[in-house]
Amino acid sequence: MTEANRSRTSVAAALRRWVATLGLPEVVLASFQIFLLVALALRERSEYFNRNTLTLLGIFVAYILQAQLLRARPGERHSHARRAIRRLTTLGFVLLTYFQLRWVIPILHPGQFDNALAAIDLALFDAPLAKLLEPYQTYALVEWFGFFYWTFFYVIGAYTIAHCFFERNEERFAGYGFGIVAVHAWGGWLGYLTIPGFGPYVHYASQLQPLDGDTFLRMSNTAYSWGALRDIFPSLHTAVMSFITIHAFRRWRVHWLYKPLAILYLFWTLQIVTATLYLRWHYTIDLVAGLTLASIWGFSSDALARRWGEFRKSQGELDPWF
């Protein structure tokens, strides 16, 4: 073997060992952050651009540093408290990365695909679905679905945070942690960047009467205003809620509590999915894409997390992550 080949081999081995220090959810989120930074590096710069790019770079660096600080090394005591903190920090960095998409999407892909997405509804229903639903949009139903749409972040947060604290089986949590991050990063967020759009709420604004609602309609509007604004394809409301429901049903025999949770989240998912159409946030194809995304990760996350765990063990790391 030549000196150059030995050098390349040692660099590859060092890289494998370093990557193995990260859990699969961390690899998923960090790789998406790197993707954003590389894509942004190819764009024309401005003061606004530079300032926000530095923020995104800071989030990435902080995420990698905290992962190393909270890393449990072989032979070292790894308390559940530290494990829970590592789980929660990843949840926090998922949110921090998502909020960056508000300025990233217009820079990376300034167009919008509402016409193309709306055309699918026209082909299916011979009219805009938002227009067909208009006669059935009563005050009571607008408030009903407004309530469920508004609860989205709270119900996924409750499920995820509870698992961060109470799921002591590391392998089971590794599957959930990986799946929930993958649904967001290399699913929903990638879709937002490639097929951005505003949704029927904006696209058909001039053709529709304002929704007749009050408190919960305003609260759901506020929840929408916090987001990336061009984040419709796929519907992450559909994808994340469906993923959690699939997860709860797949854990049906693990603990008795999953049985009522699975039924409750199925009901809640149906309300939120319906709300995305009823309140004019999404086109039908957005929901189909979200359900497909949830099914892919919902039924593969455990196996993929297990394989990553085997890779980590082969590199001398503790496994599973979390």
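Hydrogens, waters and symmetry mates play no part in the numbers below; they use all other heavy atoms, side chains included.
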Partners of Asp212 by salt bridge (Lys or Arg N to Asp or Glu O under 4.0 Å), sequence neighbours excluded?
none
Near [X] [atom1], under 6.0 Å, is it more than 12 heavy atoms from other residues, nucleotides or ligands?
{"X": "Arg43", "atom1": "CZ", "result": "yes"}
{"X": "Tyr201", "atom1": "OH", "result": "no"}
{"X": "Arg253", "atom1": "CZ", "result": "no"}
{"X": "Tyr136", "atom1": "OH", "result": "no"}
{"X": "Phe311", "atom1": "CZ", "result": "yes"}

Is it the case that the ring center of [Y] lies less than 6.0 angstrom away from the ring center of [X]?
{"X": "His237", "Y": "Tyr149", "value": "yes"}
{"X": "Trp297", "Y": "Phe178", "value": "yes"}
{"X": "Tyr265", "Y": "Tyr159", "value": "yes"}
{"X": "Trp144", "Y": "Phe216", "value": "no"}

Taking the side chain from [X] and the backbone from [Y], do they hold a donor-acceptor pair closer than 3.5 Å?
{"X": "Asp286", "Y": "His282", "answer": "no"}
{"X": "Arg306", "Y": "Ala174", "answer": "no"}
{"X": "Lys131", "Y": "Gln207", "answer": "yes"}
{"X": "Arg86", "Y": "Leu69", "answer": "no"}

Under 4.5 Å between side-chain heavy atoms, counting indirect links through other Ile/Leu/Val/Met/Phe/Trp/Tyr residues: same cluster for [X] and [Y] or not?
{"X": "Leu122", "Y": "Val202", "value": "no"}
{"X": "Leu266", "Y": "Leu261", "value": "no"}
{"X": "Leu304", "Y": "Leu293", "value": "yes"}
{"X": "Leu29", "Y": "Leu108", "value": "yes"}
{"X": "Val155", "Y": "Tyr176", "value": "yes"}

I'd like to know if the side chain of [X] pairs up with that of [Y] as donor and acceptor (distance under 3.5 Å, no hydrogens or angles considered).
{"X": "Thr89", "Y": "Tyr63", "answer": "no"}
{"X": "Glu143", "Y": "Thr215", "answer": "no"}
{"X": "Thr55", "Y": "Gln100", "answer": "no"}

For [X] and [Y], which heavy atoms make the closest approach, and how far apart are they?
{"X": "Ile272", "Y": "Phe152", "answer": "CD1-CA, 4.1 Å"}
{"X": "Arg250", "Y": "Asp302", "answer": "NH1-OD2, 3.8 Å"}
{"X": "Leu40", "Y": "Phe49", "answer": "O-CZ, 2.9 Å"}
{"X": "Phe249", "Y": "Ile263", "answer": "CZ-N, 4.4 Å"}
{"X": "Phe35", "Y": "Leu193", "answer": "CE2-CD1, 3.8 Å"}
{"X": "Leu279", "Y": "Ser220", "answer": "CD1-OG, 4.2 Å"}

Take Ser235 and Trp281, measure what side chain to side chain donor-acceptor pair (under 3.5 Å) needs, and give me the verdict at the end.
CA-CA 9 Å; Ser235 165; Trp281 300 123; over 6 Å; no
Taken in chain and number order and not counting sequence neighbours, the residues that satisfy side chain to side chain donor-acceptor pair (under 3.5 Å) with Thr245 are Thr269
Does the side chain to side chain contact (heavy atoms under 4.5 Å, CB included) test come out yes or no for Tyr98 and His184, once each step is laid out?
CA-CA 9 Å; Tyr98 169 69; His184 282 86; over 6 Å; no
If I take atom OG1 from residue Thr194 and atom CG from residue Leu190, how far apart are they, to the nearest 0.5 angstrom?
5.0 Å
Cation over ring face, Arg87 and Phe173, 6.0 Å, 45°:
yes
What's the verdict on salt bridge (Lys or Arg N to Asp or Glu O under 4.0 Å) for Glu310 and Arg307, showing C-alpha distance, side-chain angles and the deciding distance?
CA-CA 5 Å; Glu310 293 168 358; Arg307 292 187 65 179; 5.5 Å; no
